[in-house]
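Scroll down for the structure; my scribbles are underneath it.
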Amino acid sequence: MARYNPKETEPKWRKAWADTDAFRAVMDPSKPKYYVLEMFPYPSGRLHMGHVRNYALGDVIARFKRARGFSVLHPMGWDAFGLPAENAAMERGVDPKGWTYDNIARMRAELKELGLSIDWSREFATCDVAYYGQQQALFLDLFARGLVYRREGMVNWDPVDMTVLANEQVVDGRGWRSGAVVEKRKLNQWFMRITNYADQLTDDLATLDRWPEKVRVMQENWIGRSKGLTFSFEFAGEPPRGFDKGLEVYTTRPDTLFGASFVAIAADHPLAERVAAADVAAQAFIAECKKGGASQAEIDTAEKLGFDTGIRVKHPFDPSWELPIWIANFVLMDYGAGALFGCPAHDQRDLDFAHKYKLPVTPVVLPPGEDPETFAIGDEPYLGPGTIYHSRFLDGLDIEAAKTAAIARMEELGQGQGATVFRLRDWGVARQRAWGCPIPVVHCDKDGVVPLPRSALPVALPDDLEFGKPGNALARHPTWKHTICPRCGGPATREVDTLDTFVDSSWYFARFANPDAAEPIDKQAADYWLPVDQYIGGIEHAVLHLLYARFVTKALADDGQLGVREPFAGLFTQGMVTHETYRRQSGEWLEPKDVEVIVEGKARRARLVENGAEVVIGDVEKMSKSKRNTVAPEEIFDVYGVDAARLFVLSDSPPERDAQWSNAGVQGAWRFVNRVWEEFDSQPDGAGSPTGGGGEAAVAVRRATHKLTRQVTEAIDTFRFNSGIARLYEFLNLLKANPAAGASGPLLAARHEALSAFARLIAPFTPHLAEECWARVGGGGMVAMADWPAFDIALTEDAVRVLPVQVNGKRRGEISAPAGASAADVEKIVLDDPEIARRLEGLTIRKVIVVPDRIVNIVAA
RNA sequence: GCCGCGAUAGCUCAGUGGUAGAGCGCAUCCUUGGUAAGGCUGAGGUCCAGGGUUCGAAUCCCUGUCGUGGCACCA
């Protein structure tokens with residue numbers, strides 16, 4: 001009896017897969033296609049457990065779909081541009097390109113060790129000239145369509161990474177990578193017109209029925225579509241210069257127009273600036289507003305402050321009614337019109353403001369059941385439903401009807417119109433960094449900004465960048481930027497900004513359809529493979545990458561380069577890998593491998609392996625270098641094998657939840673691997689003889705096999721991998737209870753069938769072990785190529801059902817009935833049962849409820 | 001403030017109207033020529049709390065508590 005030895009077995013099968021080119025994706029029109037993709041990794045140089053989980057999840061799907069007869073595309077690439085390479089260059093004097101490709105080589109080797117069923121022939125890195133040169137072509141196409149533009153604007157400046165960031169990359173006022181407080185700067189910037197697609201990006205979320213609800217909600221919130229009314233106030237008296245058309249405001253509550261008591265404008269509104277030009281006090285107030293911090297804590301605690309400009313406007317529905325214009329610190333210039341009308345009775349901010357400056361509070365929505373004579377607003381505005389009152393022609397309407405009526409009247413008056421406003425801003429895509437895709441334009445003194453012709457592509461990065469000091473090494477390069485203008489032939493300088501790395505990841509999935517194509521996207525191949533049927537990655541990209549990729553897909557579809565309008569038909573967001581944290585008494589973090597955990601009854605304590613010193617067990621947290629609670633995948637592979645590691649990360653929790661890594665857990669998985677092998681190894685060669693005695697056990701094993709096949713199939717289909725694995729564990733226990741030793745012919749035959757199915761069922765999870773097992777039971781070829789086992793649905797259901805019998809909802813006994821027995825038949829069996837009859841003595845039966853094959857309840861009194 | 005998610009055995013989690021479950025861990029015992037072990041048996045649950053609907057609620061509804069994610073002076 002040979003012990004299972006992953007160190008020999010696993011490399012052997014990986015070589016067999018590679019030698020036979022087993023996972024090459026083929027466009028086969030006779031088969032349905034399936035494109036499974038995990039978010040491609042940044043080549044940091046080290047594989048971590050999060051990667052193991054991410055790629056193991058995708059591999060389960062890829063192997064399963066292949067066995068189910070799909071033509072599968074499962075590629076891998078590298079999101080290889082970005083700051084870490086530049087930081088390494090600055091800190092260690094290495095070349096970012098060399099550093100990156102070295103990391104890729106190391107991580108590729110580690111990933112290959114995972115035994116993933118990937119078509120490695122399609123591999124590319126975004127820093128390959130062959131890739132970013134094509135991306136430059138796409139940039140020019142989008143530029144030609146007017147979807148890329150350059151303008152001066154306020155941008156987010158990260159002072160540590162020394163680059164501009166997109167709005168999506170600023171979290172709580174800080175840079176998403178550096179954590180530095182972001183400054184506002186006015187710069188000439190490249191933008192992509194994502195706002196052109198704001199409506200589609202919102203509407204099409206409804207078609208993404210295989211996306212998590214949570215992600216769709218997050219994108220919807222981020223885009224922030226709101227429907228309302230834009231209208232202009234006429235000034236009472238002479239309009240200020242430049243405001244002949246009145247003062248424009250935006251509102252989502254036109255139904256509350258008769259509750260207006262003031263108009264407020266942002267401190268940087270043009271009207272505020274005009275007022276300040278002639279008023280020192282206004283100037284001081286505006287300066288005060290601009291000092292306010294942008295962090296959340298400051299915003300939350302900031303008092304509502306205002307400055308009365310003295311200017312008055314007329315109410316749009318009653319020219320005799322005048323409202324004051326205030327400059328207010330809570331009004332944002334870049335949302336809506338940068339101005340609003342305040343209705344204190346039905347808005348918290350407006351109410352706070354009105355209380356502070358003694359402005360009128362007039363309720364115009366009457367809550368149901370309230371008396372219009374006595375209803376009043378205290379410290380809380382009324383935001384609920386009700387009937388409009390105090391509102392002349394809107395009186396008596398509900399809120400929605402009043403909104404419609406107010407918009408209609410405003411449009412009649414020619415003073416405004418229904419409008420849709422978005423929170424989403426255009427995507428700033430230029431970065432002042434050298435390790436990125438150069439923007440293929442030049443600046444010419446005569447012709448201004450000139451896009452390069454396609455024939456001038458690729459614009460390759462120079463190989464001799466100097467990273468000794470901070471800032472953009474590309475701008476510093478002595479010769480690279482000097483070129484000639486393609487239009488006039490005169491001297492010109494290249495754009496030294498590069499593209500946001502999120503541009504790189506916004507179309508890579510389409511490049512995988514044919515990574516060698518002469519054009520950016522091979523339309524025919526993309527039409528076959530796209531959309532990605534199952535995309536898998538972390539939730540942290542819910543609004544960043546996933547929104548940009550959706551936008552670029554739509555833009556390229558409109559340009560005729562893609563045939564789909566959504567890149568990812570199915571999205572799965574997996575949880576993180578976590579681990580307990582450990583610290584010395586002194587507070588210093590400790591690595592798990594230096595700590596020994598001791599279980600004493602229900603209590604656990606820990607000590608240092610080295611000297612037995614007491615260790616404090618902390619919270620379970622995401623594996624991170626800073627907390628030192630990481631476990632290196634290669635060390636686990638070395639001890640337990642790749643399959644055990646894969647099995648454990650897949651079995652521990654549902655894939656969308658966090659998975660807690662523990663040594664005990666991986667040991668459990670490792671034991672399972674060994675027990676599986678023993679079971680196969682103990683089975684004699686051959687298929688067994690179906691004749692002879694001992695039929696009962698054989699039938700039980702057969703039924704269990706078919707039931708298991710059904711359960712595992714359904715579990716994988718619904719992403720409940722952990723529960724599929726739990727069923728495999730249970731089934732192995734059943735096989736052990738019906739061992740090969742001393743088994744009858746029929747049982748051996750049933751066991752053979754069971755093992756043959758079992759080898760294929762574990763293949764998505766533990767592919768190396770599955771190959772070894774498949775070979776042991778004489779399966780033909782490799783299990784990686786084998787068909788998924790079929791199940792006989794009749795065998796998955798028991799012929800005789802045991803039904804519990806309740807009396808008045810309390811369990812009082814059970815009966816046996818044939819599966820599918822009618823309610824009348826079951827009722828007869830129940831009433832004939834002496835035990836049940838005893839329970840019913842002295843009671844009158846009111847009703848008998850029979851749920852076929854499930855349960856019986858007798859209502860009696 | 002707005003929109004979500006979660007709470008079931010010591011741990012990680014299934015179960016979503018119908019008999020409370022799995023894996024790991026734990027305990028007892030057996031084996032010690034599968035030995036960085038293997039096996040038998042077992043203990044362990046107020047299904048977060050309260051109310052409602054129902055013949056019947058862990059499951060559906062309401063309220064609350066705790067934990068957690070996203071958005072947010074967004075008009």
Side-chain angles (χ1 to χ4, degrees), chain A residues 1-4 171 212-222 224 226 228-229 249-253 256 264 292 296 298-300 302-304 328-332 334-343 346-350 352-353 383 421-423 539 542-543 578 580 599-604 620 639-640 648 651-654 656-660 662 664-672 674-675 677-678 681-682 715 720 722-730 733 736 802-811 813-814 846-851 853-860:
Chain A
M1 183 169 296
R3 198 71 194 280
Y4 184 70
V171 179
E213 174 68 19
K214 185 187 171 110
V215 175
R216 283 184 287 165
V217 167
M218 282 166 70
Q219 291 215 355
E220 198 173 334
N221 287 344
W222 185 264
S226 87
L229 167 71
V249 302
Y250 171 73
T251 180
T252 56
R253 293 298 301 271
T256 63
Q296 204 51 50
E298 286 167 300
I299 288 169
D300 284 344
E303 198 182 354
K304 306 278 175 285
N329 65 344
F330 64 86
V331 182
L332 306 174
D334 60 358
Y335 185 80
L340 55 89
F341 79 83
C343 175
H346 305 292
D347 183 283
Q348 185 69 59
R349 284 166 329 195
D350 296 349
D352 294 347
F353 193 77
L383 306 173
V421 163
F422 297 94
R423 207 183 73 92
I539 187 101
V543 286
T578 62
E580 265 182 343
V599 178
E600 291 169 340
K602 289 186 179 179
R604 302 170 72 243
V620 172
V639 176
Y640 300 104
F648 174 57
S651 67
D652 182 64
S653 22
E656 69 276 14
R657 298 257 206 122
D658 290 352
Q660 189 180 334
S662 72
V666 74
Q667 279 171 17
W670 179 76
R671 276 202 289 273
F672 176 76
N674 283 294
R675 293 205 329 253
W677 175 246
E678 283 162 21
D681 203 35
S682 70
R720 284 160 35 246
N722 60 323
S723 101
I725 292 169
R727 300 290 88 75
L728 291 166
Y729 271 73
E730 287 170 44
N733 288 338
K736 281 190 114 59
V802 175
L803 282 71
V805 180
Q806 296 178 332
V807 177
N808 293 332
K810 298 270 183 285
R811 185 168 183 273
E814 58 185 37
R846 292 275 159 81
K847 197 173 172 188
V848 178
I849 297 148
V850 178
V851 182
D853 293 345
R854 302 296 293 265
I855 200 168
V856 182
N857 189 18
I858 300 167
V859 185

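Side chains are part of it too, since the values below use all heavy atoms of this structure and drop only hydrogens, waters and symmetry mates. A note on names: the letters A, B, ... follow the listed sequences, proteins ahead of strands, and every chain is numbered from 1.
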*Counting only side-chain N and O atoms of A/Arg423, is one of them less than 4.0 Å from OP1 or OP2 of B/A72?*
yes
*Mind calculating the distance between CG (A/Leu728) and P (B/C24) to the nearest angstrom?*
13 Å
*A/Trp670 CH2 to B/G34 C1': how many Å, rounded?*
11 Å
*When rounded to the nearest Å, what value does the distance between P atoms of B/U63 and B/C73 take?*
28 Å
*Provide the distance between the two P atoms, one in B/G38 and one in B/C66, to the nearest whole Å.*
45 Å
*Could you work out the separation of B/G21 and B/G42 based on their P atoms and round it to a whole Å?*
14 Å
_Stems involving RNA chain B, each a run of at least 3 consecutive Watson-Crick or G-U pairs under 3.5 Å_ = B:1-7 with B:65-71, B:10-13 with B:21-24, B:48-52 with B:60-64
*A/Trp677 vs A/Tyr4 aromatic rings, parallel, tilted or perpendicular, using cut-offs 30° and 60°?*
tilted
*asked:* Just the rounded figure in Å: distance from C1' of B/C11 to CG of A/Asn722.
replied: 15 Å
*Apply ring-ring contact (aromatic ring centres under 6.0 Å, His included) to A/Tyr335 and list each qualifying residue two or more places apart in sequence or on a separate chain.*
none
*asked:* I'd like the C1' distance from B/A9 over to B/A20, given in whole Å.
replied: 10 Å
_Nucleotide nearest A/Tyr335 when distance is taken to its side chain, options B/C74, B/A72, B/A14_ = B/C74
*Measure the shortest side-chain to side-chain distance between A/Phe672 and A/Leu728 over non-hydrogen atoms and say whether it is less than 4.5 angstrom.*
yes
_Upstream residue (5' side of RNA chain B) when A/Ile539 and A/Ser226 are each assigned their closest nucleotide_ = A/Ile539
*Of all the choices, B/A75, B/G70, B/G4, which nucleotide is nearest to the side chain of A/Lys214 once you look at every atom?*
B/G4
*asked:* I'd like to check the side chain to side chain donor-acceptor pair (under 3.5 Å) partners of A/Gln348; sequence neighbours left out, ordered by chain and number.
replied: A/Asp352
*Would B/G34 be called syn or anti, given that syn covers angles within 90° of 0?*
syn
_Side chain of A/Leu332 - closest among B/A72, B/C13, B/C74_ = B/C74
*Give the nucleotide from the list B/C73, B/A75, B/G25 with an atom nearest to the side chain of A/Lys304.*
B/C73
_Considering every strand and a 4.0 Å limit on heavy-atom distances, what is the contact class for A/Tyr250: base, sugar-phosphate, or nothing?_
base
*Rounding to the closest angstrom, what is the interatomic distance between B/A7 and B/G64 at atom C1'?*
14 Å
*In whole angstrom, give the distance that lies between atom CG of A/Asp347 and atom C1' of B/A72.*
13 Å
*asked:* A side-chain contact here means heavy atoms from C-beta on lying under 4.5 Å apart; do A/Leu340 and A/Thr251 qualify?
replied: no
*asked:* Can you check the distance between B/G44 and B/G25, where both ends of the measurement are the C1' atom (answer in whole Å)?
replied: 12 Å
*Can you tell me how far P in B/A49 sits from the matching atom in B/A36, rounded to whole Å?*
46 Å
*How many angstroms lie between CZ in A/Phe648 and CD in A/Gln667, if you round to the nearest 0.5 Å?*
10.5 Å
*Gap between atoms CZ and P, on A/Phe648 and B/G25 respectively (whole Å)*: 11 Å
_Could you tell me how far apart A/His346 (NE2) and B/C2 (P) are, to the nearest whole angstrom?_
17 Å
*Expressed in angstrom and rounded to an integer, what is the separation of A/Arg727 atom CZ from B/C13 atom P?*
16 Å
*Identify which nucleotide among B/A72, B/C73, B/A22 has an atom closest to any side-chain atom of A/Phe330, counting heavy atoms from C-beta outward.*
B/C73
*Is the phosphate of B/G39, meaning OP1 or OP2, less than 4.0 Å from a side-chain N or O of A/Arg675?*
yes
*Hey, does the side chain of A/Arg349 come within less than 4.0 Å of B/C74's phosphate (OP1/OP2), counting only N and O?*
yes
*Heavy-atom side-chain contact between A/Ile849 and A/Val859 under 4.5 Å*: yes
*asked:* Would you measure the distance from the P atom in B/C71 across to the matching atom in B/C62 and give it in whole Å?
replied: 27 Å
*Passes side-chain hydrogen bond (donor to acceptor under 3.5 Å, both in side chains), A/Tyr250 versus A/Ser226? Steps please.*
CA-CA 10 Å; A/Tyr250 171 73; A/Ser226 87; 2.7 Å; yes
*Pairwise 5' ranking along RNA chain B for A/Val543 and A/Gly336, keeping only the more 5' one*: A/Val543
*Taking atom CZ of A/Arg671 and atom CD of A/Glu678, what is their separation to the nearest 0.5 Å?*
12.0 Å
*Select base, sugar-phosphate, or nothing to describe what A/Val856 touches, counting heavy atoms under 4.0 Å on all strands.*
nothing
_Can you tell me which nucleotide in B/A72, B/A75, B/C24 comes closest to the side chain of A/Thr251?_
B/A75
*asked:* Without decimals, in angstroms, what is the distance between A/Arg253 CZ and B/C73 C1'?
replied: 17 Å
